Amino acid sequence: MDSEDLGRVSPDVPSTNPSDVNADVANPDSNLRPPPLSRSSTFGSKKCWICMSDTTEDDPHNPPVWRSPCQCSLTAHEACLLDWVADLENPKNGKRKASGQILCPQCKSEIKISRPKSYIVDTYRSLDRALGKLVFPGLGLSVLTSFWAGAWAHGFYSVYLVFGEEDAARIFEMTLRHPAWNLAYGLIPINLIFSRTNYSDFVLPTGSLLLLATQTSDEFKIDMTIWPPLPSTVFACLPSIRSAYNWCYHKAFCDLNKKWLEEIQPSHAQQEDGNAENDEANQNLVEEVEEGGVVLELQVNLNAEPEAMDDAPGEAGGQQNGRAQPQNGHVHQILGDRGDRLVEGTSGIGQMVVEALAFPAVAAGMGTLLSFLLPSSWLSDSNQMNGRPGLLRTKWGRSVVGGGLFVVLKDALVLYCRWKLAKSHRQRRILNYDKKSKRYSL
Amino acid sequence: MASRSGSTSQGNSSSRGKSKGSSAVNALKRLTRELQDLHSSPCEAVLHLGPVSEEDLFQWEAVLKGPRDHTNPYHNGLWLLDITIPPNYPLAPPKVHFVTPICHPNVHFQTGEICLTLLSGEHWAPTYTLSTTMAAIQQLLSMPGLDSPLNVDVANLYREHDKIGAESLVRFWTVEKRWAGEGKAGFISERTPGSGGKLGE
């Protein structure tokens with residue numbers, strides 16, 4: 001509120017009632033320290049600005065102490081002032097000034113109070129004030145810390161799940177020797193989430209190159225053998241593999257996806273879409289088939305940003321041409337299933353985060369599944385090449401392959417369901433209800 | 001504050017005195033003094049300002065006048081205000097709210113709650129009296145604060161610089177709900193057309 005200035009309505013000035021003068025004379029100098037002579041002679045009577053009684057009302061037998069603590073004309077009973085100060089300093093009623101100073105409400109000059117000095121109490125008070133100021137930074141810090149702790153625990157368990165007991169133990173031991181590596185655990189989930197957004201497409205592969213470069217100059221002997229790969233090589237290459245896979249997927253199934261999605265649109269929606277593309281603000285309601293084709297989700301397609309982020313300036317041009325490629329937006333929605341778009345809406349973000357965080361566990365689970373399904377000769381000690389155990393013999397190798405397999409299988413399932421839905425779309429019929437036999441029939 | 005109605009002034013003040021220490025006694029002394037001063041120099045901002053009953057000095061009411069300025073949309077308005085005085089007055093501010101509805105950015109139309117820093121604990125100082133508080137509220141009528149409005153509708157009109165729209169709305173309510181003799185102050189013969197009205201109508 002800016003009615004600060006409204007509050008400055010002048011408070012009552014001590015009254016200049018002439019009848020008080022005599023009374024004051026009759027009851028002279030009841031205070032210990034008389035106010036400056038000029039004012040006393042001008043007003044003749046003092047009036048307490050807190051209880052508003054004046055010297056005429058003072059009890060002659062037990063005269064109260066008068067104080068004029070500041071440069072302005074305000075005078076008051078000491079008892080009233082002390083009450084007021086106590087109220088201001090009362091920590092319960094939140095209006096305590098941060099400075100700890102008591103200011104005159106009229107002239108804003110400081111009102112000085114003498115009190116027995118106690119270093120302990122003073123230190124306690126200043127500590128109390130300092131702690132009060134630290135509440136919000138402290139809260140923020142604790143939220144951040146707990147977030148980091150959660151991320152760290154997730155990273156730790158991810159490593160444990162993906163690498164299996166023995167390898168994980170070795171990694172943890174190495175971490176103990178290099179405390180800075182502890183940071184890496186916390187970065188794992190952040191990386192997982194981040195890798196689902198478009199920003200990572202450029203950053204992560206460069207990171208993997210960097211990692212490869214550093215590895216060759218490590219104390220390891222330079223290992224020219226390519227197969228079976230070292231774990232670090234595999235994990236460094238994963239982003240690149242992912243990008244390559246996404247690119248292939250896009251090339252192979254983009255048009256098919258588009259066609260299938262077009263087929264299951266309501267007929268009027270297809271026309272409207274075509275028209276709406278011409279408008280600047282087109283919000284197409286897209287029926288998107290989610291995994292398994294069970295969930296039909298209505299999504300609002302705000303297709304400005306995802307367009308720009310993807311690989312096709314040509315497509316953006318096609319978008320502007322409008323009718324040439326009316327369903328472009330939908331295609332990006334489909335690819336968005338695997339993170340090719342910027343996330344839209346909170347449910348999208350939530351789903352993406354959960355998927356990203358669960359992925360190590362899923363991959364490890366698939367790895368375990370693989371260990372049961374694969375022929376035992378691949379898993380036995382005899383599977384050895386270039387002095388290292390074969391890829392599938394190690395737990396981490398199975399996890400990586402399992403994770404990749406999961407992604408591929410999931411995509412295949414989604415594609416199958418879309419194909420199936422598109423195919424059966426034209427064969428849908430509404431059943432008639434026969435009132436006599438109480439049955440539905442064609 | 002629990003035992004407000006029905007008890008005598010003596011019983012009332014002594015019970016307060018016992019429960020709240022000396023503060024209620026101080027408050028009573030100060031209120032008596034303010035009441036005396038009001039007789040010698042009446043408050044310009046109000047038609048009436050005083051305790052609801054002789055027995056309870058902690059419950060006051062006022063009939064606020066609109067600003068004198070003819071161009072002000074609140075000009076010629078009258079509003080009944082309810083004033084509750086805390087036992088630790090003047091260390092704590094009185095609680096004031098409009099009984100007559102008023103259309104103002106800083107007053108809640110339904111509850112009559114007033115948003116004024118003077119009335120919040122932080123900016124209150126014992127130098128203010130009930131009389132100056134009334135003057136401050138009258139001043140609030142001419143300069144509304146639009147930062148934290150309680151009546152969003154009229155505040156938005158002002159924010160969009162629709163001064164004509166806002167002021168005509170204010171004028172309408174000022175005439176429509178003008179105080180018409182409700183409350184103890186009804187003895188005052190200032191009654192001009194206007195239905196008057198209670199909150200929540």
Side-chain angles (χ1 to χ4, degrees), chain A residues 1-20 45 47-59 64 69-70 72-77 79-90 92-98 102-108 111, chain B residues 21-23 25-38 40-41 43-45 86 88-93 104-106 114-150 155:
Chain A
M1 270 237 27
D2 68 354
S3 55
E4 185 90 12
D5 45 351
L6 298 181
R8 298 208 194 103
V9 176
S10 62
D12 267 8
V13 200
S15 79
T16 55
N17 200 342
S19 69
D20 288 344
S45 162
K47 186 168 169 180
C48 172
W49 62 268
I50 293 173
C51 71
M52 300 196 71
S53 53
D54 51 39
T55 41
T56 55
E57 289 162 72
D58 285 351
D59 185 358
C70 53
C72 64
S73 61
L74 292 184
T75 52
H77 296 117
C80 293
L81 274 174
L82 286 177
D83 256 6
W84 175 62
V85 168
D87 182 68
L88 280 183
E89 285 179 341
N90 187 357
K92 265 186 216 161
N93 60 9
K95 56 186 171 182
R96 179 173 48 149
K97 303 285 186 298
I102 306 290
L103 301 180
C104 165
Q106 182 75 350
C107 66
K108 305 287 175 205
I111 292 175
Chain B
S22 63
S23 62
V25 176
N26 288 346
L28 209 61
K29 213 163 80 181
R30 155 107 180 207
L31 286 170
T32 319
R33 184 70 208 198
E34 278 194 42
L35 201 54
Q36 283 174 11
D37 287 352
L38 271 173
S40 54
S41 57
C43 177
E44 297 271 311
N88 55 344
Y89 182 82
L91 301 180
H104 187 279
N106 304 114
I114 305 170
C115 181
L116 179 62
T117 48
L118 173 66
L119 293 177
S120 73
E122 269 174 80
H123 292 84
W124 171 262
T127 36
Y128 299 112
T129 62
L130 289 172
S131 168
T132 54
T133 305
M134 289 303 114
I137 292 173
Q138 194 193 42
Q139 215 176 345
L140 181 70
L141 295 187
S142 5
M143 7 173 114
L146 299 178
D147 291 335
S148 57
L150 284 174

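Here the structure is a predicted model, which is why all the values come from computation and not from measurement. Every chain is numbered from 1, with letters handed out A, B, ... down the list of sequences.
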> Of the non-hydrogen atoms in A/Ile50 and B/Pro90, which two are nearest, and what is the gap between them?
Replying inline: O-CG, 3.2 Å
> Roughly how far apart are B/Leu31 CG and A/Met52 CE, rounded to 0.5 Å?
Replying inline: 10.5 Å
> If you round to the nearest 0.5 Å, how far is CG of B/Leu28 from SG of A/Cys51?
Replying inline: 12.5 Å
> B/Glu34: what forms a side chain to side chain donor-acceptor pair (under 3.5 Å) with it, not counting sequence neighbours?
Replying inline: B/Arg30, B/Tyr89
>> Pair B/Asp37, A/Lys47 - check side chain to side chain contact (heavy atoms under 4.5 Å, CB included), show working.
In response: CA-CA 12 Å; B/Asp37 287 352; A/Lys47 186 168 169 180; 3.1 Å; yes
> Roughly how far, to the nearest 0.5 Å, is OG1 of B/Thr127 from CH2 of A/Trp84?
Replying inline: 8.0 Å
